[in-house]
Structure formats: C-alpha cells, structure tokens
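Residue indices begin at 1 and follow the sequence shown. Keep in mind the model is a prediction, meaning the values are calculated, not measured. Order of listing sets the numbers, starting from 1, for every ligand and every atom in it.
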Amino acid sequence: MSFDTTAKSVVAKARRLVIKVGSSLVTNDGRGVDIAAVERWAEQIAVLHAQGRQIVLVSSGAIAQGMARLGWTTRPHTMHELQAAAAVGQMGIVQAYETAFDRHDIRTAQILLTHEDLADRKRYLNARSTIYTLLSLGVVPIVNENDTVVTDEIRLGDNDTLGALVTNLIEANSLIILTDQAGLYSADPRKNPEARFIAIARSSDPELETMAGGAGSAIGTGGMLTKVLAARRAANSGGNTIIASGHEPNVLLRLAAGERVGTELRALVPVRSARKRWLANHLRLHGRITLDDGAINALTQGHKSLLAIGVVAVDGDFDRGDVVACVDQHGVECGRGLINYSASDTRRIMRQPSNRIAEILGSMSDQELMHRDNMVFMRRAATAGATANDAEPPLSIDLE
Ligand code: GLU
C-alpha cells in the first residue's frame, strides 16, 4: 500500500491524545529530571489543551530519576532496589510536571497502574472512568507503571506497552511516542548506513517488527520493537501511533498543525469493541486449554462457542470467570476468553459432550465452556492465508 506522504499528520485531527515520553528524555539520559524538557512539553500541551484537545501523558523516568537522587551510577539489579529507586524518583517526576503545568494554570493528576489494574474488569472500568472524569475537568493525567509494587513476573515492563493500553482504555485517536531517535528506520542507522527512514506505514505491517529488532537505549526498557508492538495494540481501538524525537523543537505543536514529523504508523485494522480489547490486552493469563482441530474450526469458521468436547488438555490453575488462552496442538494461541469452569472442573469434563456435564460435576452452570461473546481470536500474519491486514499484536501467554 502506498501512502500520500504530503498528507497532513493524523495528529491534526486527533481530539484525544496519549503522549508517552521515555526515561532518557525525561531524565536527560539518566542525569536527573530535565526540567527544561518538561517545561517545553507542558508549554506545548497547554496550547493543545487550549485547542480543545484532551491529553494523557505517560511518563517514564521514575527509576532513572530515583537513581540520580540516590546518587547511584549503575542500575541496580535487585527488585527491591529498583522499587526503592522508583518510589524516590516518582516524586521528582510528578513534582516537575506539577510545577511546569501550574505555570499554565493546568492541574495534573498522578495515576500509577499495574497490569492487574487493567486485567481486573472492575479496576479497569474504574481506571477508565477516573481518567475520563479528569479529562472532562481539564486535568492532564500523568501515568506511569506502579513500579514500587510490581514484581518481575507481573509487570507490564515498558511504558510503550502502557501507553498503548492507555490509548485503548480511553479510545485515544493518537499515541505519540517521544523518544531519543528520529523515528523508525528499515535497519539500525547506527550500524547500517543503508538504513532507510520510514515516514509512514501501516501499524499492522509485519515487516516493521524485523526493521525494529534491536535498536534500544541503555536508560529505558523499550527499544523500537516495543514501540512497533505498541502501535499494533493501539490500532485495536483505532489509535494511530507517531514515533518521533523528543528533541525536535515544538514537535507536539508541529504534529498538531499537521506537519509530518517522525514515523507515522496508521491504524488500518477493524476497531475491536472495548470489551474484546480488554480480553485481548491481558498480558498474562492464569492458564490455557488445548483444542482439537474440530473445535478450532468451529470457533474460527463456524462462529460457534467453545464446548468441553473440543478440549484435549488443560494447563495451569484458573477459576470460573478467569481469562484463559486457547491454543492449538502446537501450543500456538488462537484465541482467548472468559472460561465458565475452573481448571479442575475443565479437566473432568474435557473431551465430553455438554449433556454429560451435570452427571460428571453434579450440576451444570453453562452449556458452553466459553461463550462466543466472551472470546477474542488471534489472527496472525504468519498464519497461512492470513493477510497483513489481519495481523494482531503477538500477545504473550506466559502462565502465572
Ligand atoms: N516505569 C519505568 C520508570 O518510570 C520505565 C519503564 C520504561 O522506561 O519503559 O522508570
């Protein structure tokens, strides 16, 4: 597909924006909060605000700033030291934003999220309505991962992913990822002089992943790859992603005026419903069930619900109502959904017709193991017959 590179930036029309700034920008490559940079963003965001746009800022930098405040020159390795640094550093981060936005008479709010907050349906809905309320009050929410309470196993890990999840949560039109590089290149420009700059592409283009492999900064956790995957995720709610250099003068104002700066990754995939996005955005699941080919066909071609008879194996420990992955016989995830039976009950009723459930378990709550309305399906570019348009973000299915 060719794009009109003279067309205006998609940001020109975006009413609701998520702006993500990385650790190396916020903390001046780890030297401590870059107050001048924060002031420049606040100044630009104040203008966007006055244009009637709603902005959520996702800011990294807590750990880097904590290290600077504590006088640590190398990044600690133990979880409790990283968490301590984040706790110290987050104070500096929010202090800088609060002061900078106050100059423009704009209030800020601190929102610290964990994967669990977004995976639990009630907490997810609460976070969404709180952010909507803040936006309607003209407040700029400053979001970060709640690094102090998360451990390695349950963390979102990088703020590019968090930015995309927030974009999905509030159905923002654009996700602007400001970083220390100009945008995406076809190869790492520091190593390959032939590297071509990508001005515009479809966020679902599978080639982007190959192009993005590797390029990363030493300070933050996300490289280009996490940005490309974030763009795919953002597209699920119709969000276009821009990856641009935070060092570009007036980058936010220029994008909003329609100028093309950085790499624009267009969301050209069908928009999923909010509930289906919530299901798809679980990064860690409690378990998985292996389906036979008949069940996979019934789900993907026949648009049916999942019955116990199609399940051949159960892994993990889950309860009724948990989100569980459905994998094929090679372990590849083909879908996921809310399961109606616990892991132990599923083990007892798998391979059995639904009319035997009551006899086996003593009672039957549901005919289906997963109802179609509570399921999402993965369509991968790598799958034979799938087109690039069908590509979904590869979703991790680590078992807890
Ligand atoms: N949440 C981490 C921090 O604020 C940063 C994660 C990232 O850089 O992607 O330090």
Please could you name the atoms of ligand 1 that Ile63 approaches to less than 4.0 Å, counting only its heavy atoms? 3 (C), 10 (O)

Heavy-atom pairs closer than 4.0 Å: do any link ligand 1 to the side chain of Asn144, the backbone, both, or neither? side chain

Looking only at N/O atoms, are Asp160 and ligand 1 under 3.5 Å apart anywhere? no

Would you say CZ of Arg372 has more than 12 non-hydrogen atoms from neighbouring residues, nucleotides or ligands within 6.0 angstrom? yes

Relative to the heavy atoms of Asp158, which atoms of ligand 1 are at a distance of less than 4.0 Å? 9 (O)

Assess the residue pair Thr167 and Arg233 against the criterion (side chain to side chain donor-acceptor pair (under 3.5 Å)); give the C-alpha distance rounded to whole Å, side-chain angles, the decisive distance to 0.1 Å, and a yes or no. CA-CA 9 Å; Thr167 302; Arg233 216 176 263 289; over 6 Å; no

Whether Ser23 lies under 4.0 Å from ligand 1, heavy atom: yes

So, does Arg320 use its side chain to make a donor-acceptor pair with the main chain of Asn340 at under 3.5 Å? yes

Short side-chain donor-acceptor distance under 3.5 Å, Asn250 and Arg40: no

Which one holds for Asp147 and ligand 1: side chain close, backbone close, both close, or neither close, with close meaning a heavy atom under 4.0 Å? side chain

Would you say Gly61 contacts ligand 1, with heavy atoms under 4.0 Å as the rule? yes

Side-chain contact, heavy-atom cut-off 4.5 Å: Arg123 with Leu118? no

Have a look at Cys326 and tell me which of Thr290, Leu306, Ile339, Ile296 forms a side chain to side chain contact (heavy atoms under 4.5 Å, CB included) with it. Leu306

